[in-house]
Amino acid sequence: MDNYLIQFRFRGKARKTIRELINTIAIDCGLHKTRPSRSVPHITFAGPFFTTDEHRLIENFHNLCVNNPLMHFDINGFNTFEKKQVVYLHIEPEWSMVHFRQLLSKTLQSYCSMQPMDYMEAFNFHSTIAMKLTQKEFEQVKLYVNQREKFILKHVIARITLLKNARILREFDFFQRKMFDRTNAKNKMIFSTTMNLLQNYLSNH
């Protein structure tokens, strides 16, 4: 059965910075021998989930995005999921981001099989930097990040992605107010337009 995810995927300088952080932690903590060297830094809004009505999913995804304002968040240091032995970047979302995730959950749950966390009102936004760790690795990574300088970053969500089996199915652009299929979502010229609009927005705010 096909599985779906809705994620924000970091781009540009932020993606490079977080990917370097992930790889540095993996190497310095001795995880590189058993962990993949490449990663896609992201924040998951919903999923993985399952549905037999992809057309409705795409339509709902578009409608929710097009009616939502720009979303902002801060990365404010590191945190952990102790039981799952996961280390992550702590995300502090603005209200619009919290509201968008709640609308997603309420809209999709009637016809999608979702994860228990997708129904939670008090959702913990995060971006994973180390997972599938042994207890020894987990303790080592925790100690390592606690000794690092606090990781702080302010960010605006330019695009949000609907994935099917880990591949882009649709991507909504909040600056161009358009939804793209996989081909156009990966189009560099289209994306450069988004980045120009983002830079103009940041220059005026």
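The first residue in the sequence is number 1, and the count goes up from there.
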**Q** Using modelled atom types and a 3.5 Å cut-off, is there a donor and acceptor pairing between side-chain atoms of Arg177 and backbone atoms of Val66?
**A** yes

**Q** Taking a hydrophobic cluster as the set of Ile, Leu, Val, Met, Phe, Trp and Tyr residues connected by side-chain heavy atoms closer than 4.5 Å, whether directly or through intermediates, do Ile152 and Phe10 fall within one such cluster?
**A** no

**Q** Go through Glu94 and Ser96 one step at a time and tell me if the side chain to side chain donor-acceptor pair (under 3.5 Å) criterion holds.
**A** CA-CA 6 Å; Glu94 290 191 352; Ser96 59; 4.9 Å; no

**Q** I'd like to know if the side chain of Asp74 and the backbone of Pro93 have a donor-acceptor N/O pair within less than 3.5 Å.
**A**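 Judged by distance alone, no pair lies under 3.5 Å.
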
**Q** Can you give me the closest heavy-atom contact between Pro41 and Arg19, atom names plus distance?
**A**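 The answer is CG-N, 4.0 Å.
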
**Q** Tell me if a side-chain donor or acceptor on Asp118 pairs with a main-chain N or O of Gln115 at a distance below 3.5 Å.
**A**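 Yes; at least one donor-acceptor contact below 3.5 Å.
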
**Q** May I ask you to say whether Arg56 pairs ionically with Glu59, meaning some side-chain N is under 4.0 Å from a carboxylate O?
**A** no

**Q** To the nearest 0.5 Å, what is the distance between OG1 on Thr80 and CD on Glu82?
**A**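 Output value for this atom pair is 3.5 Å.
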
**Q** For Asn200, is there any backbone N or O sitting under 3.5 Å from a side-chain donor or acceptor partner on Asn204?
**A** yes

**Q** Assess whether side-chain contact (heavy atoms from CB on, under 4.5 Å) is satisfied between Cys112 and Phe49, documenting all intermediate values.
**A** CA-CA 6 Å; Cys112 296; Phe49 59 88; 3.9 Å; yes

**Q** According to a 4.5 Å side-chain heavy-atom criterion applied to Ile, Leu, Val, Met, Phe, Trp and Tyr, with indirect links allowed, do Ile190 and Phe174 form part of one hydrophobic cluster?
**A**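 They do not share one cluster, since no chain of ILVMFWY contacts under 4.5 Å joins Ile190 to Phe174.
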
**Q** Show, in sequence, the C-alpha distance, side-chain angles and deciding distance for His62 and Leu64, and conclude whether the side-chain contact (heavy atoms from CB on, under 4.5 Å) test is met.
**A** CA-CA 6 Å; His62 175 264; Leu64 288 169; over 6 Å; no

**Q** Sub-3.5 Å donor-acceptor pair from the side chain of Glu137 to the main-chain atoms of Thr134, do we have one?
**A** yes

**Q** With rounding to the nearest 0.5 Å, note down the distance linking CG in Leu57 to CG in Leu169.
**A**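 Reported value, rounded in 0.5 Å steps: 7.0 Å.
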
**Q** Heavy atoms, side chains only, cut-off 4.5 Å: are Leu133 and Leu31 in contact?
**A**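 Leu133 reaches Leu31 side chain to side chain.
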
**Q** Do Ile6 and Thr161 come within less than 4.5 Å of each other through their side chains, counting heavy atoms only?
**A**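 Not touching, per the 4.5 Å side-chain cut-off.
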
**Q** Heavy-atom distance under 4.5 Å between the side chains of Tyr88 and Ser127, does that happen here?
**A** no

**Q** With sequence neighbours excluded, tell me which residues meet side-chain hydrogen bond (donor to acceptor under 3.5 Å, both in side chains) with Gln102.
**A** Glu121

**Q** Can you list the residues that meet the salt bridge (charged side-chain N to carboxylate O under 4.0 Å, His left out) rule with Arg159, with sequence neighbours excluded?
**A**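 Glu171, Asp173.
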
**Q** Can you measure from CG (Asn23) to CD1 (Ile129) and round to the nearest 0.5 angstrom?
**A**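 Between atom CG of Asn23 and atom CD1 of Ile129 there are 11.5 Å.
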
**Q** Under a 4.5 Å cut-off applied to non-hydrogen side-chain atoms, are Thr193 and Phe175 in contact?
**A** no

**Q** Taking Phe8 as the starting point, is it possible to reach Phe180 by hopping between hydrophobic residues whose side chains are less than 4.5 Å apart?
**A** no

**Q** Check whether any side-chain heavy atom of Arg182 sits under 4.5 Å from a side-chain heavy atom of Arg167, and report yes or no.
**A**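 Yes, side chains in contact.
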
**Q** Just by modelled atom types, is the Lys142 backbone N or O under 3.5 Å from a matching donor or acceptor in the Asn146 side chain?
**A**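 Yes; at least one donor-acceptor contact below 3.5 Å.
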
**Q** Could you give the distance from CD1 (Ile75) to CD1 (Ile43), rounded to the nearest 0.5 Å?
**A**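 Result: 6.5 Å between the selected atoms.
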
**Q** What pairs with Glu54 under side-chain hydrogen bond (donor to acceptor under 3.5 Å, both in side chains), at least two apart in sequence or on another chain?
**A**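 So Glu54 forms a side-chain hydrogen bond (donor to acceptor under 3.5 Å, both in side chains) with Tyr4, Lys164.
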
**Q** What class does the angle between the rings of Phe81 and His126 fall in, given that below 30° is parallel, 30 to 60° is tilted and above 60° is perpendicular?
**A** perpendicular

**Q** Report yes or no: do Phe50 and Leu104 belong to one cluster of Ile/Leu/Val/Met/Phe/Trp/Tyr joined by side chain heavy-atom distances under 4.5 Å?
**A** no

**Q** Check side-chain hydrogen bond (donor to acceptor under 3.5 Å, both in side chains) between Asn60 and all other residues, then give those that pass, not counting sequence neighbours.
**A** Tyr111

**Q** Can any side-chain N or O of Asn165 pair as donor or acceptor with the backbone N or O of Asn3 at less than 3.5 Å?
**A**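 Flag set: sc Asn165 to bb Asn3 pair under 3.5 Å.
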
**Q** Find out if a path of hydrophobic residues (ILVMFWY) with successive side-chain heavy-atom gaps under 4.5 Å connects Met97 to Leu202.
**A** yes

**Q** Please tell me if the side chains of Tyr201 and Asn196 come closer than 4.5 Å, counting only heavy atoms from C-beta onward.
**A**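 No. Closest side-chain heavy atoms not under 4.5 Å.
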
**Q** Where do Lys106 and Gln109 come nearest, in terms of heavy atoms and distance?
**A**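 Looks like CA-NE2, 3.3 Å.
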
**Q** CE of Met117: more than 12 outside heavy atoms within 6.0 angstrom?
**A**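 No.
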
**Q** Give me the atom names and distance for the closest heavy-atom approach of Phe100 to Cys65.
**A** CZ-SG, 3.8 Å

**Q** Does any part of the side chain of Met131, heavy atoms only, come nearer than 4.5 Å to the side chain of Lys84, both counted from C-beta?
**A**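 Heavy-atom side-chain distance check fails, nothing below 4.5 Å.
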
**Q** Under 4.5 Å side-chain heavy-atom separation, chaining through any Ile, Leu, Val, Met, Phe, Trp or Tyr, what else clusters with Ile168? Say none if it is isolated.
**A** Leu5, Leu163

**Q** For Ile25, which of Ile22, Ile27, Leu21 qualifies under side-chain contact (heavy atoms from CB on, under 4.5 Å)?
**A**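 By the side-chain contact (heavy atoms from CB on, under 4.5 Å) criterion, Ile25 pairs with just one of Ile22, Ile27, Leu21: Leu21.
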
**Q** Is it the case that the side chains of Gln176 and Thr194 hold a donor-acceptor pair, with the cut-off being a distance below 3.5 Å and no angle test?
**A**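 Yes, because at least one side-chain N or O of Thr194 sits under 3.5 Å from a partner of the opposite role on Gln176.
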
**Q** Counting only N and O atoms by type, is there a donor-acceptor contact under 3.5 Å from the side chain of Asn67 to the main-chain atoms of Asn63?
**A**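 Yes, the answer is positive, given that a donor and an acceptor are paired below the 3.5 Å cut-off.
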
**Q** May I ask you to decide if Asn184's main-chain N or O and Asp181's side chain share a donor-acceptor pair within less than 3.5 Å?
**A**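 Here the side-chain-to-backbone pair exists.
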
**Q** Going by ring-ring contact (aromatic ring centres under 6.0 Å, His included), name the residues that satisfy it together with His42, two or more places apart in sequence or in a different chain.
**A** none

**Q** Do Phe125 and Phe73 make the cut of ring centroids closer than 6.0 angstrom?
**A**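 Not under 6.0 Å, so no.
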
**Q** What's the spacing between Arg170 CZ and Leu162 CG if we round to 0.5 Å?
**A**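 Output value for this atom pair is 8.0 Å.
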
**Q** What verdict does the side-chain contact (heavy atoms from CB on, under 4.5 Å) test give for Thr44 and Phe123, after you've listed the backbone C-alpha separation in whole Å, the side-chain angles of each residue and the deciding distance to 0.1 Å?
**A** CA-CA 11 Å; Thr44 296; Phe123 185 78; 5.6 Å; no

**Q** Within the 4.5 Å heavy-atom criterion, are Val98 and Arg101 side-chain neighbours or not?
**A** no

**Q** Could you tell me the separation between the CG atom of Leu198 and the CD1 atom of Ile157, rounded to the nearest 0.5 Å?
**A** 11.5 Å

**Q** Are the ring centres of Phe172 and Phe61 closer than 6.0 Å?
**A**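 Judged by ring-centre distance (under 6.0 Å), Phe172 and Phe61 do not meet the cut-off.
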
